[in-house]
Novice: 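Attaching a single structure in structure tokens format; questions to follow.
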Amino acid sequence: MDNREASRPLGLLSLIIAFIYITNANAAVCSEPSDDFLLTAPLLPESLALRPSIANGHLGTVIGSGIVHVNGIYNGNGSQSKRARIPTAFSVEIPGGKLIEVSLDLANGIFSEYFSISGGSVHLRTYAHRNISTLIVREVEVTSSSEVTVNLNVTEWGNSSDIQFTDGHTDLPGVKYKNGSINIPETETSGKTPVHVYYDVLPPKLNLPANIKSKTWTFLISIHPSPIRALSSYKMGVSLINNSMLLKQHCSAWNDVWKSGRVSIQGDLDLARTSNAAFFYLMSSLPMTEDPLWPYIGVSPTGIEVSPGAMEVVQEIHVSGDVSFAVMQLWKATHDDSLLDLDRFGGLLIGIADYWITRMVFNVTKNQFEVHYVQAPDEYHSGINNSAFTNAVAKVSLQNAAKVAKVLGMTSELYTYYAEHMYIPYDEQLKYHPEFDGYKPGSTIKQADVVLLGFPLMLNMSTEVRRNDLDMYSKVVSGEGPAMTWGMHTISWLEFNEEELAHQNFKKMQDHIYEPFKVWTEVSLAQGAPNFLTGIGGYLQSLIFGYGGLRLQEESLVVDPTLPRNCTALNLMDIDYLGNHIDIKVSSSLITISVQRVDPGGLHIQLKTAQHRYPLSIDKVISLPYRSRAEIIPDL
């Protein structure tokens, strides 16, 4: 039943059917979240920085902020560019209602507010629709055993300092249309990005008749740079409402997200909630599909230029190498050579390597290439020469380009030559990697830097040097640094089976997580960027690559897990490797590895231990003693 036509007269049979359907519809639409997927509180935190966000990869909002951000819509020139603030079109309050509880349903991507009213209750739901990416949805569900009228305090359309909106024309009844464009383009040639918004006009009151126990009213906001897409998505949402499918499709899409890979924790409910919330916030920033009308896609994608200043643009060039490294991780996980075609990632990898060559300086004395005037991952040091991490990731980029050239039958000697002659600072006496030329041992650093050579870069070095790097730099990290440092240290200490030191660093990440909605901040004491995805990424890596013990090698996936303290089980679910979807379950006595499904064209794989090899296939579970080390390899 379309809530826009709720006043239409009904016969007795229709009333009975409607009563049964509406009473039970929402209970059946979405599965109830388990305890580890539900975060509750008596009220929202006062600070917006500690409130949860609802997003779908195209748009998102922090609950109660009155602001929506959309991928790729930025206002401001150059390094002054920032995400444009778009009003949420309307906000709803229940005057006279008593707030009982607020909750974030991680399993279904829904934020809820529960009110008691005279003779009944009101449930407000807010979600960014997972399938129709332009939509933010607000639902008002009223339940009562008798007739009740709920008054709404509606605040319609706020102001934006980034976009000048005007009223547009629409023939849709009960709907308003706003359009505008950003005030300041990002570059002289990029133009002013347009924004189009269609949204429902909320009534001042909602009436629940005596013959209906419960009813839900649904209201939509649709935002997109294309007016055609904004309007068509709004109409699609209305169609799904009329067929009672809008919420069902949203929950089904989130169910698919959770099936596509996650970490499951048992024995520690708080840690399980923290892990699920981390996955939720990260996956909320990832679009499900690419939008042909709007090319921005990815985790918090930037605009044309959103670096905080000119220094980062010129000096923090290791980011280019990081991209090259990430692309080759995808190739290692798939062995899909078509990824290296020039019109896919191959051209990107070669372009990055060519860029590094333009930044290199040849040192005749050393007979090696150097990179000068950079900022390392450690943001306390800029304008430095020969950052160990920057030079190492440049070397990786050159090796990746050589790999592309070989696969495509091109000449690779140039890239191999530069890679083999790349200078990486190393102290022969102390047997460690100085962070950069002139680094003095004991100098404070802001965040993980040289330890990243061991992971994720997995630079070839002796165990002694790897340990010395870790010992040296773990003692000089500033307490004001970002959260991901402790994740990298957790992973590194677990490489040496230093479980106590790993646990201490793992616990340090808790200083960046704020209740009740497990919101991350860049630095402790709720400072820095809120809901900090980089910190979340470091935390999840500490579970997958630290305690999970996974290492993606050129020809294998290493499995060497350790159970986190106070946990009875650690489950890595739906790990994608060579077209196989693998579950790895770790308990205090066993490690079990099984293939859940295989993609078309997926390779045959086997499990290799020090003594045996076991074919891995669907419905076949391999069990190993706890603390075993194994490799998953192609079964050629």
Side-chain angles (χ1 to χ4, degrees), residues 30-41 44-45 48-65 68-69 71 101-113 125-131 133 135-137 247 249-266 268-288 298-301 483-484 487 509-510 512-522 529-544 570-574:
C30 301
S31 59
E32 287 295 320
S34 55
D35 286 346
D36 55 334
F37 279 89
L38 186 64
L39 307 178
T40 63
L44 277 168
L48 285 175
L50 304 183
R51 293 185 182 184
S53 57
I54 293 292
N56 60 19
H58 170 71
L59 50 70
T61 182
V62 174
I63 296 298
S65 67
V68 178
H69 291 121
N71 269 357
E101 184 180 77
V102 294
S103 70
L104 180 61
D105 176 352
L106 302 170
N108 297 303
I110 299 171
F111 180 79
S112 294
E113 301 165 84
R125 279 184 289 269
T126 304
Y127 54 96
H129 202 275
R130 191 69 199 178
N131 267 359
S133 61
L135 295 184
I136 289 181
V137 183
L247 181 58
Q249 276 199 9
H250 170 76
C251 293
S252 177
W254 264 108
N255 184 52
D256 291 341
V257 170
W258 290 111
K259 286 181 178 178
S260 66
R262 66 184 183 93
V263 176
S264 173
I265 302 287
Q266 296 176 20
D268 187 330
L269 180 58
D270 184 66
L271 182 60
R273 285 173 171 165
T274 299
S275 301
N276 290 335
F279 264 100
F280 171 78
Y281 290 127
L282 185 60
M283 298 308 294
S284 293
S285 296
L286 281 171
M288 294 293 285
V299 178
S300 295
M484 59 277 194
M509 286 186 281
Q510 302 297 316
H512 300 260
I513 307 170
Y514 289 85
E515 302 294 345
F517 297 109
K518 306 293 186 182
V519 172
W520 285 71
T521 60
E522 183 176 8
N531 228 345
F532 188 51
L533 291 182
T534 313
I536 287 174
Y539 169 79
L540 292 174
Q541 288 186 70
S542 73
L543 289 174
I544 297 168
L570 170 69
N571 302 325
L572 307 181
M573 304 173 67
D574 204 64

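Along the sequence shown, residues carry numbers from 1.
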Novice: Are any side-chain N or O atoms of Arg51 and backbone N or O atoms of Pro45, one a donor and one an acceptor, separated by less than 3.5 Å?
Specialist: yes
Novice: Rounded to the nearest 0.5 Å, how far does OG1 of Thr274 lie from CD of Gln510?
Specialist: 5.5 Å
Novice: Let's go through Tyr281 and Ile536 carefully: what are the C-alpha distance in whole Å and the side-chain angles of both, what is the deciding distance for side chain to side chain contact (heavy atoms under 4.5 Å, CB included) to 0.1 Å, and is it a yes or a no?
Specialist: CA-CA 8 Å; Tyr281 290 127; Ile536 287 174; 3.9 Å; yes
Novice: Let me confirm one number: the CZ-OG distance from Phe280 to Ser285, rounded to the nearest 0.5 Å.
Specialist: 9.5 Å
Novice: Can you check whether Gly57's main-chain N or O pairs, donor with acceptor, with Asn71's side chain at less than 3.5 Å?
Specialist: yes
Novice: Does the pair Leu540 and Leu282 meet the rule for a side chain to side chain contact (heavy atoms under 4.5 Å, CB included), with working shown?
Specialist: CA-CA 10 Å; Leu540 292 174; Leu282 185 60; 3.8 Å; yes
Novice: Which residue pairs pass the salt bridge (charged side-chain N to carboxylate O under 4.0 Å, His left out) test with at least one member in residues 268-286, sequence neighbours excluded?
Specialist: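 The answer is Asp270-Lys518.
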Novice: Evaluate Thr521 against Tyr514 for side chain to side chain contact (heavy atoms under 4.5 Å, CB included), listing each step before the verdict.
Specialist: CA-CA 8 Å; Thr521 60; Tyr514 289 85; 3.3 Å; yes
Novice: Return a table of donor-acceptor pairs under 3.5 angstrom between the side chains of residues 249-257 and protein atoms on other chains or two or more places apart.
Specialist:
unit_1: Gln249; atom_1: OE1; unit_2: Asn131; atom_2: ND2; d: 3.4
unit_1: His250; atom_1: ND1; unit_2: Arg130; atom_2: N; d: 3.1
unit_1: His250; atom_1: NE2; unit_2: Asn108; atom_2: O; d: 2.8
unit_1: His250; atom_1: NE2; unit_2: Gly109; atom_2: O; d: 3.2

Novice: When you compare the side chain of Phe517 with that of Leu44, does any pair of heavy atoms fall below 4.5 Å?
Specialist: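 Yes, side chains in contact.
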Novice: So which pairs with a foot in residues 532-544 pass side-chain hydrogen bond (donor to acceptor under 3.5 Å, both in side chains), sequence neighbours left out?
Specialist: Ser275-Tyr539
Novice: Heavy atoms only: give me the nearest Ser133-Leu59 pair and the separation to one decimal.
Specialist: O-CG, 3.4 Å
Novice: Do Ile54 and Ile63 touch side chain to side chain, with heavy atoms closer than 4.5 Å?
Specialist: yes
Novice: Using modelled atom types and a 3.5 Å cut-off, is there a donor and acceptor pairing between side-chain atoms of Asn56 and backbone atoms of His58?
Specialist: yes
Novice: How far apart are the closest heavy atoms of Ala49 and Val519, and which atoms are they?
Specialist: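 Of all heavy-atom pairs spanning Ala49 and Val519, the closest is O-CG1, 3.3 Å.
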Novice: Examine distances only and state if a side-chain atom of Asp36 and a backbone atom of Leu269 form a donor-acceptor pair shorter than 3.5 Å.
Specialist: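 Here the side-chain-to-backbone pair does not exist.
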Novice: Among all residues two or more places apart in sequence or in another chain, which pass the ring pair (Phe, Tyr, Trp, His ring centres under 6.0 Å) test with Phe37?
Specialist: Trp258
Novice: Roughly how far apart are Ile110 CD1 and Leu104 CG, rounded to 0.5 Å?
Specialist: 9.5 Å
Novice: Among residues at least two apart in sequence or on other chains, which ones pass side-chain contact (heavy atoms from CB on, under 4.5 Å) with Ser103?
Specialist: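 With neighbours one apart ignored, the set is Leu38, Thr40, Ser112, Tyr114.
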Novice: Please enumerate all residues that pass side-chain hydrogen bond (donor to acceptor under 3.5 Å, both in side chains) together with Asn531, with sequence neighbours excluded.
Specialist: Ser53
Novice: Which atom names give the shortest non-hydrogen contact between Ser264 and Met573, and what distance separates them?
Specialist: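 Result for this residue pair: CB-SD, 3.6 Å.
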Novice: Walk me through whether Thr126 and Val137 qualify under side chain to side chain contact (heavy atoms under 4.5 Å, CB included).
Specialist: CA-CA 6 Å; Thr126 304; Val137 183; over 6 Å; no
Novice: Do the non-hydrogen side-chain atoms of Leu39 and Asn276 ever get within less than 4.5 Å of each other?
Specialist: no
